[in-house]
Amino acid sequence: MANIITKELSFEDAGLVSLTPELQDLLRHITQTLDVSIELAGSSHLRLTGPEDKVAIAETVIGRLYARLSQGNTMSQAEIEAAMRMASMDMGRTQNPDLPPQAFELSIPTSRYMVLPRSAGQGAYMDALKQSELVFVEGPAGTGKTYLAVAMGVSMLLAGVVDRIILSRPVVEAGEHLGFLPGDLKEKIDPYLRPLYDALFDMMPGDKVSKRIERGEIEVAPLAFMRGRTLSKAYIILDEAQNTTEMQMKMFLTRLGEGSRMVITGDLSQIDLPNGVRSGLRQALYVVEGIEGVRMCRLNRSDVVRHPLVGRIVEAYESKVGLATTRT
């Protein structure tokens, strides 16, 4: 049976614990999720009652919430959930030194805000992004594969660690041939690259993104444009890599130049290649495993950070369909 304890937290700013409607909602969410009772004890104290491990997590989350509010910031429900997951991971790390560093040690600063991991899997992935020159990450939609890779690229560009960011995707046609779509080449391929643009605009003001694209500091291009190049002092991301052929993947990996970092993201359950064409990502995960300087990260449904329904949808597909629709 869990050890039930009561712990009192005190805060310097009494007004901050006056329980505004927003703060009430956030504390109610913590209470419902962790099964911990939270009561106002005077103008600057909160009393927590519940299982000892859950109280410890609630204390950490409320401490982080207080720090955010004291700086004039807010904390969304998604961030509260992320803070609870990371507090749980931080507690586990004291018992298991193999877990990645604490959440705030993994944070990625961008122009707009600080990006924090929202799950243990994301924490391990972000640790790999900080430590390794070549990172592979494979997992389902909604786990932040592309988003976190772009965040790290923006952070390194702003810090001057790299001179440019190169974002690439294979252009795989689904029902329509590019040659029959209206517009010039840029207009034909931009819809395929839109998710990369979306992540960039989330990390930096739009005018700054546009200026850096004009100066060549940020390049968004289809995979075919990478052939014959050597990319030095660049942060290079290959997104949707499950749709590369084996030859394309080998070509891309050998573009890595001096002072560069490379991230390969993909989801082997969503391969859109023609029947009989084997995925370059699947082969690469086998070929490069164990090579010094290469890190491989696997994310799963527990790392989904979009709408909670996305996680349930991924789980349903895994349990009822498995990977039966995945091609080799």
Side-chain angles (χ1 to χ4, degrees), residues 100-101 105-115 124-137 144-171 186 189-190 192-193 195-241 244 247-266 280-281 284 287-288 291-297:
E105 295 175 19
L106 293 168
S107 61
I108 301 173
T110 69
S111 294
R112 291 190 181 276
Y113 49 80
M114 192 76 73
V115 178
Y125 175 33
M126 291 170 72
D127 182 53
L129 291 174
K130 285 178 175 286
Q131 303 297 331
S132 303
E133 294 177 309
L134 176 57
V135 176
F136 284 82
V137 57
K145 301 184 299 295
T146 304
Y147 192 83
L148 294 177
V150 172
M152 184 62 73
V154 168
S155 180
M156 287 188 169
L157 180 66
L158 296 176
V161 178
V162 296
D163 292 337
R164 53 185 171 156
I165 299 173
I166 299 174
L167 309 173
S168 186
R169 269 187 166 199
V171 174
K186 184 178 186 303
I189 64 176
D190 266 2
Y192 291 89
L193 305 174
L196 298 173
Y197 285 112
D198 289 344
L200 276 174
F201 285 119
D202 206 28
M203 305 293 171
M204 302 173 68
D207 59 332
K208 298 286 182 64
V209 173
S210 298
K211 288 179 181 178
R212 288 182 181 271
I213 289 175
E214 289 175 6
R215 294 198 298 261
E217 295 175 9
I218 297 177
E219 179 183 348
V220 184
L223 178 60
F225 286 21
M226 297 297 108
R227 188 172 298 278
R229 304 175 63 182
T230 299
L231 307 173
S232 301
K233 207 172 181 188
Y235 191 92
I236 313 152
I237 300 173
L238 176 58
D239 195 35
E240 298 287 348
T244 61
M247 290 292 290
Q248 286 175 328
M249 176 61 75
K250 182 180 178 182
M251 176 275 292
F252 188 82
L253 291 175
T254 54
R255 301 308 94 195
L256 188 65
E258 186 175 353
S260 290
R261 298 281 188 105
M262 184 176 282
V263 184
I264 314 292
T265 78
L281 176 60
V287 171
V288 306
I291 294 178
E292 184 179 354
V294 178
R295 286 276 293 274
M296 294 189 178
C297 301

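The structure displayed is predicted, hence computed values, not measured ones.
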Does [X] reach the side chain of [Y], with side-chain heavy atoms less than 4.5 Å apart?
| X | Y | result |
| --- | --- | --- |
| Leu157 | Arg212 | yes |
| Val294 | Glu133 | no |
| Leu200 | Val150 | yes |
| Leu196 | Thr146 | yes |
| Leu281 | Phe136 | yes |
| Asp127 | Arg295 | yes |
| Met156 | Met152 | yes |
| Ile264 | Val135 | no |

Donor-acceptor contacts under 3.5 Å from residues 219-237 side chains, at least two apart:
unit_1: Glu219; atom_1: OE1; unit_2: Arg229; atom_2: NH2; d: 3.1
unit_1: Glu219; atom_1: OE2; unit_2: Arg229; atom_2: NH1; d: 2.8
unit_1: Tyr235; atom_1: OH; unit_2: Ala149; atom_2: O; d: 3.2

I need the minimum non-hydrogen distance between Tyr125 and Gly144, along with the two atoms involved.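 Taking Tyr125 first and Gly144 second, the nearest heavy atoms are CE2-O, 3.9 Å.
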Ion pair present between Lys145 and Asp239, side-chain N to carboxylate O less than 4.0 angstrom?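 Answer for the salt bridge query: no.
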Thinking salt bridges, do Glu240 and Arg169 make one under a 4.0 Å N-O criterion? yes
